[in-house]
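Lettering follows sequence order; numbering is per chain, from 1.
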Number of protein chains: 2
Amino acid sequence: MTMVDGERPPQQLAQYSGFLLNWVAARSRLRFATALAEIDLHPREFAALNIVAAKPGLTQHELAAAAEIDASTLVATLDALEQHGLAERRVMPQDRRKRAIHLTPAGEAALRRGRALAKRLGDELFGTLSADERRQFELLLRKLAGVG
Amino acid sequence: MTMVDGERPPQQLAQYSGFLLNWVAARSRLRFATALAEIDLHPREFAALNIVAAKPGLTQHELAAAAEIDASTLVATLDALEQHGLAERRVMPQDRRKRAIHLTPAGEAALRRGRALAKRLGDELFGTLSADERRQFELLLRKLAGVG
DNA sequence: TATTGTTATACTCTATAACTATA
DNA sequence: TATAGTTATAGAGTATAACAATA
């Protein structure tokens with residue numbers, strides 16, 4: 001039994017908005033991870049692909065900071081991406097301690113597949129809301145996150 | 001560096017509503033856990049207190065099911081609650097394998113403190129929203145969770 | 001000396017399976 | 001045999017600290 005297997009949140013805890021927020025988030029995270037696994041991608045790898053695509057040539061420290069994870073945590077993620085031929089570490093000639101991270105064409109294709117999946121899962125997540133309600137929810141979510 | 005230390009979510013990932021949902025949820029969870037720790041309570045303990053208060057005398061299996069956690073996971077939570085004098089296991093005479101879980105007066109007091117904290121943290125979480133927006137967000141959250 | 005990336009390690013969380021005591 | 005609770009254990013996830021290479 002996993003914590004997010006339930007179809008409905010525990011009744012006595014659902015009164016807490018913070019709990020409900022975490023319950024809905026955990027369920028959506030699990031579903032997304034499950035869907036990503038079908039295309040051999042881990043959520044961390046998908047996150048890294050997104051950031052590297054936006055800023056090719058980042059160093060590992062810069063990538064870790066952009067992803068808000070520890071640099072040591074990033075190592076295994078990049079190992080996996082390289083093993084699957086989705087990204088490359090390139091030693092920088094001007095400072096041979098640093099490695100610039102780039103996507104391969106296969107990495108860009110994987111990113112596109114992941115994005116299509118994210119769109120599909122987003123539609124599923126918000127399936128019970130009207131288009132208006134979804135826009136409203138996403139707007140408020142951005143306010144809560146201090147974004148845009 | 002923790003995953004949720006950032007003041008703002010990673011820019012390249014904030015476009016995904018699912019990511020944003022998880023980011024906001026993780027931040028609120030961390031803050032709540034930190035606040036609860038100041039009154040010597042763990043989020044799992046607070047969850048158990050809530051359910052037992054609503055349904056005194058539940059068996060451990062029933063409590064685990066109500067909390068949507070595994071029965072084995074519950075053991076340590078109840079151990080901690082008992083050690084702090086907040087809850088009791090009472091062997092049931094009609095079936096000595098079962099233990100009925102009850103709160104102590106101290107447990108009810110701890111629950112009240114936790115609830116006050118949850119209210120305060122909820123107000124902080126939604127501090128950037130108007131009262132109307134907060135109601136709207138909570139309504140949509142319940143729709144997403146399939147509640148009420 | 002300081003920094004980059006890496007490795008080793010430890011800690012938290014939680015599930016699975018084996019165990020015990022009762023039924 | 002089956003069930004309630006417990007214990008042992010294993011896996012995922014992620015941070016901290018020590019390390020090697022380079023500056």
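For A:Asp132 and A:Ser130, the side-chain atoms include no donor-acceptor pair closer than 3.5 Å.
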Between the protein and nucleotides 17-23 of chain C, are there any N/O to N/O pairs under 3.5 Å, and if so, what are the atom names and distances?
from, atom 1, to, atom 2, distance (Å)
C:dA23, OP1, B:Arg96, N, 3.0

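Close to C:dG5, at under 4.0 Å from its OP1 or OP2, lies a side-chain N or O of A:His61. Between B:Thr59 and D:dA4 there is no side-chain polar atom (N or O) within less than 4.0 angstrom of OP1 or OP2. The phosphate of D:dA12 (OP1 or OP2) has no side-chain N or O of A:His42 nearer than 4.0 angstrom.
As rounded to whole Å, 12 Å separates atom C1' of D:dA2 from atom NZ of B:Lys98. Atom CD of A:Glu45 is separated from atom P of D:dG13 by 11 Å (rounded to the nearest Å). The interatomic distance linking A:Arg29 (CZ) with C:dT14 (P) rounds to 11 Å, in whole Å. Regarding B:Ile69, its CD1 atom lies at a distance of 11 Å from the C1' atom of C:dA15, rounded to whole Å. Across the protein-nucleic acid pair, B:Glu68 atom CD and C:dT14 atom P stand 13 Å apart, rounded to whole Å. If you measure from atom CG of B:Leu74 to atom P of C:dT16, you get 16 Å, rounded to the nearest angstrom. Look at CG on B:Leu30: it is 15 Å from P on C:dT12, rounded to the nearest Å. Rounded to an integer number of Å, the gap from B:Leu58 CG to D:dG5 P is 10 Å.
Atom CG of B:Leu117 sits about 14.5 Å away from atom CZ of B:Arg112, to the nearest 0.5 Å.
In this pair, A:Phe46 and A:Phe32 present their aromatic rings perpendicular. The plane angle is above 60°, beyond the 30 to 60° band.
Exactly one of A:Thr73, A:Asp79, A:Leu78 qualifies for a side-chain contact (heavy atoms from CB on, under 4.5 Å) with A:Val75. That residue is A:Asp79. Partner A:Glu138 forms a side-chain hydrogen bond (donor to acceptor under 3.5 Å, both in side chains) with one of A:Gln136, A:Arg135, A:Arg134 and no other, that one being A:Arg134.
Between B:Thr104 and B:Gly85, the shortest heavy-atom distance links the atoms OG1-O, 2.6 Å.
Taking the side chain as every heavy atom from C-beta outward, B:Val147 and A:Pro9 approach each other to under 4.5 Å.
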